[in-house]
Amino acid sequence: MRIVCPHCGERPVDEFVPYGAAGLKRPDASASTSDWLDYVYLRDNKAGMHGELFYHVGGCRAWLIVTRDTRTHAIAEVVAARDQRDAAR
Amino acid sequence: MRYSVFSLLAQALNGQKGWKPAWRDASPKDEYDVVIVGGGGHGLATAHYLAKEHGITNVAVLEKSTIGSGNVGRNTTIIRSNYLLPGNTPFYEWSLKLWEGLEQDINYNAMVSQRGVLNLYHSDAQRDAFARRGNAMRLNGVDAELLDRAAVRKLVPYLDYDNARFPVHGGLLQRRGGTVRHDAVAWGYARAADQRGVDICQNCEVTNIRVENGRVIGVDTTKGFVRAKKIGLAAAGNSSRVAAMAGLRLPIESHVLQAFVSEGVKPLIDTVVTFGAGHFYINQSDKGGLVFGGDLDGYNSYAQRGALPHVEHLLEEGMALMPMLGRLRVLRSWGGIMDMSMDGSPIIGTTPIDGLYLNAGWCYGGFKATPASGWCFAHTIARGEPHVLNAPYRLNRFDTGHLIDEKGAGATPNLH
Amino acid sequence: MNAPANIMRAAALSQPRRFAEGGLIDRSRPVSFRFDGKSYGGFEGDTLASALMANGVKLVGRSFKYHRPRGILSAGPEEPNALVEMRSGARREPNTRATQVELYDGLISASQNRWPSLTFDLRAVNSVASPLLNAGFYYKTFMWPASFWEKVYEPLIRRAAGLGRASGIEDPDIYERVSLHCDVLVIGSGPAGLMAALTAGRAGARVVLAEQDFRLGGRLLDERFEIDDADGLHWLRSIETELESLPDVQILRRTTVFGGFDQRNYGAVERVADHVPVPDEYMPRQRLWRITAKQTVLASGSIERPLVFGDNDRPGIMLAGAVRTYLNRFSVCAGERVLIFATNDDAARTIDDLAASGVNIAAVIDPRPQSSAAMINAAKRAGTKLLADAVIVRALGGRSGVRGAEIKGPDGEQVIDCDLIAMSGGWNPSLHLTSHLGHKPVWNEQIAAFVPDKLPDGMRVAGAAQGSFTLAGALADGAAAGVAAAEICGFDGVSPELPRIAPEPLALTPLWRVHGAKGKAFIDFQNDVTDKDVELAGREGFRAAELMKRYTTLGMATDQGKTANVTGLAVMAEITGSDIGKIGTTTFRPPFTPVAIGAFAGHSRGKYFRPTRLTPMHDWAAEQGAVFVEAGAWLRAQYFPNRNDDWLTAAIREVKAVRERVGVCDVSTLGKIDVQGPDAGILLDRLYCNTMSTLPVGKVRYGLMLRDDGLIMDDGTAARLADDRWLVTTTTANATKVMQHMDYCAQVLWPELDVQFVAVTEQWAQVSVAGPRSRDVLRKLVDASTGISNEVFPYMAAADVTVCGGVKARLFRISFSGELAYELAVPARYGDALIRRVMHEGAAEGIAPYGTEALSIMRIEKGHAAGGELIGQTTARDLGLAKMMSSKKDYVGRVLVQRPAFLEQDRPSLVGFRPVDRNQRLSAGAHFLEVSAKPVIENDLGHMTSVAAWSTLGHSVGLGLLAGGADRIGSIVIAHDPVRRRDIPVEVCHPVFYDPKGEKLRA
Amino acid sequence: MPQRIGRADGPAGVTVHERGDLSLGLITARRGMRTTCIDSLRASYDLDAPMTARIVHGRTLSLAWAGPETWLAIGSARPDIETELKAVVGQAASIVDMSDQRVVMRISGPMTRTVLAKGVTIDLHPRVFKPGDTAITPLAHITTQLWQVDDTPTFDLVSPHATARDMFHWLTVSAAEFGLDVGRTQL
Ligand SMILES: Cc1cc2nc3c(=O)[nH]c(=O)nc-3n(C[C@H](O)[C@H](O)[C@H](O)COP(=O)(O)OP(=O)(O)OC[C@H]3O[C@@H](n4cnc5c(N)ncnc54)[C@H](O)[C@@H]3O)c2cc1C
Ligand SMILES: NC(=O)c1ccc[n+]([C@@H]2O[C@H](COP(=O)([O-])OP(=O)(O)OC[C@H]3O[C@@H](n4cnc5c(N)ncnc54)[C@H](O)[C@@H]3O)[C@@H](O)[C@H]2O)c1
Ligand SMILES: Cc1cc2nc3c(=O)[nH]c(=O)nc-3n(C[C@H](O)[C@H](O)[C@H](O)COP(=O)(O)O)c2cc1C
Ligand SMILES: [Zn+2]
């Protein structure tokens, strides 16, 4: 598998550290334990398009959100996590 | 037909004409007492023990493809009970005991081979961690030996002892560990369950789980609706997808693990050996192929294949451990999809939905668990509550913090 | 290899089955080689198979299960039979296909899987027992009596494993891995591949043409084609010349593309030096190419199918296409009287070629009720008889090969003498690489074969690989694919004018097996799978393709069933009355042909398996005779022995030096992260469970980082160097993990924070100077005019300073040893000078260097948690650090650490231990039991996490996690360590053994 | 006198020397201060800090892109690059002295690309990677930043101090078949 880092270009997957589902919302300090349990432990684990975090440890050190079909490994989009948060603001 | 010296000779003389299908290719009936989703090792073993131990024979195993096409048919076949934590050791030891009597139980030779499992250590800290584990095993009545470098060298002389980046200091050996012929496990349990009346329905994919008033009533399949009093999920790498049909989210991610087999060579590696400074492990199949594997690719996947860089990483480790492997060739590589749970340990138990039972989260260690998993899951389904052996594997252990995290890797499934 | 040269040369000359002329071998370069100890001769341009054949060697191996005698079946990578052991000693290499071995002078090879010899193999008795040894026999048997399995059966089965023998010794050759990027990757250099490479190359694309053979050309080398009315080889030569002249076309000969991976990634292996006895100095034996291609043209050709009839595995029964290859390319023929058995018109070519070479054709057997005109004419031209509606029911002969065949035809049965059978059951596109990403091929009734359907991103298929079985078709396909691929890459492709080719007859009626065959009719030669095995699998319900494969092992041998799979599936379809298209193929997996493990590893071997990190003081320590230990990627000085000291003697001396005087230790490996920005304090507060933002400038604080699940991730210190600048340290082991975690927090969780950080571990060489006299040593180094008295620079102070007259440095008053201690950091380039200077200035104080063993003893004496306690399974509370967890702020791990399990009273917590008998040594990993408790898991109270074999107290001490922890202080438990056969009564004590009030470090 | 490693005959395929006497500093723009940071760098060094993976050279300093809003400053040795850069960018960026964190190797010669392809996986073909281009990528398991200096071709390889020996070993085995000339080096 190869991932196109928005900063570095296309690189082999072993330059990245995969880190599971992207887009989980960290509960705020006042949230209940059960919200925290959901956040830390429960996953949709979808078969299909799925946003996943990858850390470009061998390159620019950016955390990326890679949108990829977990059945075919086809990658639809890669954005830097930081940029995505900025855009959402 | 029972396999015996007599039936074998008779068939040999008869040109093998009299054999019958090892199991009936059943179509699902309208209703069952228990429906098991998933015809892998665990599902089939569950059906066998439901029938044999609990007398529940109105059971169907629904398999979306063919028997054994999942992880039971693609794993590296290692069995062992060299676990550390209290939730694990007794369970896996029970599994090992069941392996030891398996061929007589199911009248099928799955070639259980207790050739020993050797985990190498490469530092004092690792030695001490292995001692902790070995001692826990001994407290559980399990065999464990801590070997020093000289003893390891005697047992497996072909490792790199002279020029290794991470020298071998010794190993933890479980002599009763070993390998089992993977496919035969699926076939043997299928045949045994079938003979007790269980319906094994292949090419029958479960597409929906029907729940009414908090209780299951049956499953929709590609072969129609099947009513069921109880439903057991044993869908290995696909647990999240199947559980989602009943509205459950699980503490699980699906990941691909690659495995490899080399060209067949004359006997060379007599034990199962695992590299402690990486994730490589190897054994030799009875056909002569060296079977080896390592770590996950690491990303979420439902495709049964991995990436080339991971192959390179793994084989670097292989060469670091055994420089003699250089000229042997990889014959085939493949992948399997595993439920990686959030603490690296399985889940067997009840769910918030009445009549729905869950067997999942086996990570890459569930093959060795097959007999005990089936045995405990059958108990859980039959009695509606877990056996003491699988009580620690309950789904809500994350809520209470009773994690069973052998590696201490935390809620990062791809690190287990 | 010590036969006299003249004998060798003579052997090279007498090659009885070689024609006097013709072929693509270089007769001016004779070479000699050995097979099973005997010398033979061949020519450059031969393969081992063609040379053996030239020498009349027919029997080359034994089959896996029945040990049947086997010869050469094919001329390519599909070969199931002719597997040999190559070379000797450490270079011995089993299971090499003789058909792909390029002959070289001095080659040594041997047959395998026979005992005691190839011609007389005692294990051939398996054949006699064969009624028992059919598919799945293992599973039904060996169960009685139960105990015999381990003792008798299993060892027997295991001994029979495998074909060839591994060397068992380290591979002396080197391998390398190379990355390669291109616009168009062309796989295969037959007519289709050549055209594709040429058109794409002419268009200006970066082209890589990979060919597994040592010669380009594919079937052009094997057939007597006419292209534009001239010998096809002329055309080949001109194309080859042009390709070589194009600067952006890279031709890789001897290179097999073995796998296709996601995102247009391919793996290929080049056999750089397998055609020479030993690789040249500096040259790898093989090279692994990691190819990334924008577009790929798969032009891998096709593989011929054998026919399934009785005893079809006898030496001398060959694929017809291979017979032509040997004839045309290598100028040899394995027989003098050839019987042709073919289901398709391709046989016409076989007839013509054999006749042209003057080989006698015994007969042509065509199972089709009505033979085609092409065949009839060819037979006529050759003057041989053609039997239509006929089949071979059994091949006759012995060990030395086929001697005839029993034919059944409309006129009944007859025996025809022959010494070679050329068979053809049609062709299967070599479509493996289209399928590696999970795309299934589909059945094409017209050519009775599977053809590619959906393709991987960026791939197109040309020529025989997609079922275009004519030369004209291959050329046209190749040209079109080359143009299309180049265009997608942004180049203007021009279709060349296609050369003129005579029409080729192709008609085929498949015959999957001969009904009424006598004897064993093999489908998978290497794994000895017969049509009867497939029948049995069908009978027992193993009908699905994958089940059949696994039950019979058909297609699972080293050839991966290249000649067997489709036939096996077709026979199953026939038996079960189903449609082969519906049964489908089994899954194709990389590698296409087996690849040496060494090639995947490349240079990353031995000491260079992973990079070694060395500190700036490494050379100095080595000079002092330090013994080093791996600490993650680092090497650290473990201890500094005097002469032959053992580690403990050395460590004790080092500890004493620190405790009594002063010692110096290289601590450069600690992870260091420079954190800056206005929000640095906020980030640190969220990362650590204790509060950092309140720390004044010029101070250091110990900190604990948790994971989201509340367990400890790492510990370390944070020093505030300026209002907006911090230096964070991590443990050596967790440096990378912590950096990743911090990046995660800063980019994913709280991107709004204005904070920047970078790892500076290697920027700084750092020493710990520890011991009551450390200040005296430091004073001589630090330039500060204010001095470093306890008042000016107290415990937990930090400052930027200069040393030795102006060298920039950082000084921290922190102590892991429990003594008055400093950590001093200088830029790495000064590290070596610094340690020498420290030693020099410290001489008067009796300074001694100390290593990780002494360090570890001292931290255990002080009860500091480290690797043995930070195991990802402990909470701050477990380690007695509950107070560090702030209740006033949010931080990672805050909520879930409150879960009930973590608050249970009997959860093991950290305490100290000492042996009741002070002479005994503790051992880490021991479990704790009550004194008289039975050693069973129910009585397990925890475990010893770290021990010091000796301590300043004069005896061994340890730390451990004990149920009830602090409440048991003063009591005695057993440290139970059965794997080391040690049971020791130990006294539970406070985990801080040394200077519990911490007076020394504040002195 | 350069030392020859590997093939002894003919001209060396690759030459290498360590670029000592350099100062390196990492500049990371603070939040929302990218433009200010770039402006101040321009004002002082007459350089446009690149926003893509490029390196630009000024009279006394070069600036290599080193990640989002991050640049590696390289110049001849100076007493204190951290203070110097901090004075330039003020509150617009965080500055860290990296002079000792990394070593810089300059490799050159006709076989350079072939040799590099044995270590890095990125595409260095002249159509794709040109003088002034830079990349951060692992080389034989060692995270490295490289950039192309000229068309010879010449490349600079910047890699961690602690693994310098293994990096050099990698080069010697990878370039041996072409002959490697080692210039003044303390590796
Ligand atoms: C490469 C690899 C190596 C491994 N090595 C080892 C090892 O050495 N030792 C060890 O102990 N473990 C090992 N494992 C793990 C082990 O194989 C698994 O944990 C175990 O096999 C899982 O249980 P199972 O046999 O029931 O799974 P499976 O065989 O995967 O059974 C699950 C079945 O459910 C079916 N299914 C899924 N969804 C549906 C649906 N909707 N409807 C109907 N059916 C469905 C699937 O088709 C599948 O057949 C390895 C795994 C892999 C991939
Ligand atoms: N008479 C028949 O029935 C019949 C049937 C099929 C093909 N053919 C003939 O075969 C030819 C087809 O031409 P083509 O170019 O399609 O195929 P080809 O067989 O001529 O060439 C294929 C080439 O690909 C190479 N190759 C295959 N897999 C490879 C891999 N993984 N890596 C590297 N190299 C690999 C092979 O070594 C071979 O050189 C035509 O000449 C046609 O007449 C004839
Ligand atoms: C223990 C073990 C041994 C295997 N040995 C072989 C072998 O000798 N030859 C072979 O072709 N495949 C072998 N395989 C791999 C299977 O062919 C197959 O790849 C694997 O079961 C996964 O299935 P799939 O590739 O069809 O997805 C082996 C698999 C396992 C688990
Ligand atoms: Zn990047």
Side-chain angles (χ1 to χ4, degrees), chain C residues 174 176-183 206 248 280-284 287 289-290 292 602-604 607-616 618 633-634 668-669 674-680 724-725 747 751-765 808 826-831, chain D residues 5-7 20 24 26-33 66-70 79-80 82 91 93-103 114-125 127-128 139-142 159-167 169-170 173-179 186:
Chain C
I174 57 171
E176 68 183 25
R177 289 179 297 202
V178 190
S179 296
L180 180 58
H181 300 257
C182 60
D183 293 315
R206 285 166 68 192
D248 273 309
D280 288 350
E281 205 183 357
Y282 313 128
M283 286 298 279
R287 194 175 276 143
W289 292 94
R290 316 180 253 218
T292 309
H603 290 317
S604 298
K607 286 274 184 250
Y608 298 98
F609 159 55
R610 289 287 177 267
T612 304
R613 298 173 80 181
L614 301 178
T615 78
H618 182 85
W634 293 97
S668 308
T669 61
D674 182 299
V675 185
Q676 299 186 41
D679 295 335
D724 61 352
R725 186 171 196 181
Q747 295 176 34
E752 66 280 3
L753 295 183
D754 188 1
V755 54
Q756 297 77 39
F757 44 87
V758 59
V760 291
T761 307
E762 287 151 288
Q763 169 71 14
W764 298 95
K808 159 166 127 175
V826 294
R829 73 187 66 188
Y830 302 112
Chain D
I5 290 174
R7 215 189 71 197
L24 280 68
L26 198 73
I27 306 167
T28 311
R30 293 203 166 161
R31 248 191 110 67
M33 303 290 272
E69 322 216 322
T70 306
D80 187 350
E82 207 171 272
Q91 289 305 304
S94 294
I95 307 292
V96 182
D97 186 350
M98 304 289 271
S99 306
D100 292 56
Q101 173 86 3
R102 315 255 170 97
V103 290
T114 311
V115 169
L116 280 175
K118 300 184 189 185
V120 300
T121 63
I122 57 171
D123 190 359
L124 295 175
H125 189 275
R127 278 192 205 164
V128 176
L139 187 154
H141 296 294
I142 299 169
S159 69
H161 187 276
T163 40
R165 274 189 203 178
D166 276 11
M167 182 85 172
H169 174 264
W170 165 82
V173 294
S174 301
E177 60 173 311
F178 310 115
Q186 300 97 46

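Per chain, numbering begins at 1; letters A, B, ... match sequence-line order. Owing to the predicted nature of the structure, the values given are computational and were not obtained by experimental measurement.
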Visitor: Name the region of E69(D), side chain, backbone, both or neither, that has any atom closer than 4.5 Å to a heavy atom of chain C.
Guide: neither

Visitor: Would you compute the distance between atom OG of S174(D) and atom NE2 of H603(C) and round it to the nearest 0.5 angstrom?
Guide: 4.0 Å

Visitor: Please classify the contact between V128(D) and chain C as side chain, backbone, both or neither, with a heavy-atom cut-off of under 4.5 Å.
Guide: side chain

Visitor: Using only heavy-atom distances, determine whether the side chains of Q756(C) and T28(D) contain a donor-acceptor pair under 3.5 Å.
Guide: no

Visitor: Can you find a pair of side-chain heavy atoms, one from V96(D) and one from Q763(C), that are under 4.5 Å apart?
Guide: no

Visitor: Salt bridge between D123(D) and R206(C), side-chain N to carboxylate O under 4.0 Å?
Guide: yes

Visitor: Using heavy-atom distances under 4.5 Å, tell me whether R290(C) contacts chain D through its side chain, its backbone, both, or neither.
Guide: side chain

Visitor: Could you tell me whether a side-chain N or O of H161(D) sits under 3.5 Å from a main-chain N or O of T615(C), the two making a donor and an acceptor?
Guide: no

Visitor: Report the C-alpha separation of D248(C) and R127(D) in whole Å, then their side-chain angles, then the decisive distance to 0.1 Å, and conclude whether the salt bridge (charged side-chain N to carboxylate O under 4.0 Å, His left out) test is met.
Guide: CA-CA 10 Å; D248(C) 273 309; R127(D) 278 192 205 164; 2.7 Å; yes

Visitor: What are the two closest heavy atoms between P611(C) and T163(D), and how far apart are they?
Guide: CB-CG2, 3.7 Å

Visitor: Return the option, out of T669(C), L180(C), I174(C), D674(C), with the maximum number of heavy-atom pairs under 4.5 Å with chain D.
Guide: D674(C)

Visitor: Any donor and acceptor pair, going by atom type alone, linking the side chain of R30(D) with main-chain N or O of Q676(C) inside 3.5 Å?
Guide: no

Visitor: Is any side-chain heavy atom of S99(D) closer than 4.5 Å to one of R829(C)?
Guide: yes

Visitor: Counting only heavy atoms closer than 4.5 Å, note whether S668(C) contacts chain D via side chain, backbone, both or neither.
Guide: neither

Visitor: List the atom of H141(D), the atom of F609(C), and the distance in Å for their closest heavy-atom pair.
Guide: CD2-O, 4.1 Å

Visitor: For the candidates L124(D), L26(D), I122(D), which exhibits the highest count of non-hydrogen atom pairs separated by less than 4.5 Å from chain C?
Guide: I122(D)

Visitor: Not counting sequence neighbours, which residues clear side-chain hydrogen bond (donor to acceptor under 3.5 Å, both in side chains) with R613(C)? List them please.
Guide: E762(C)

Visitor: Go through the atoms of L753(C) and report whether side chain, backbone, both or neither lie under 4.5 Å from a heavy atom of chain D.
Guide: backbone

Visitor: Heavy-atom distance under 4.5 Å to chain C: side chain of A93(D), backbone, both or neither?
Guide: neither

Visitor: At a heavy-atom separation under 4.5 Å, does W764(C) approach chain D through its side chain, its backbone, both, or neither?
Guide: neither

Visitor: Decide, yes or no, whether a salt bridge links D97(D) with K808(C) under the criterion of side-chain N to carboxylate O below 4.0 Å.
Guide: yes

Visitor: So which part of L24(D) gets closer than 4.5 Å to some heavy atom of chain C, the side chain, the backbone, both or neither?
Guide: neither

Visitor: Could you tell me which of T292(C), T612(C), V758(C) has the largest number of non-hydrogen atom pairs under 4.5 Å with chain D?
Guide: T612(C)

Visitor: Please name the pair of heavy atoms, one in V760(C) and one in M98(D), separated by the smallest distance, quoted to 0.1 Å.
Guide: CG1-SD, 4.3 Å

Visitor: Which atom names give the shortest non-hydrogen contact between A176(D) and Y282(C), and what distance separates them?
Guide: CB-CD2, 3.6 Å

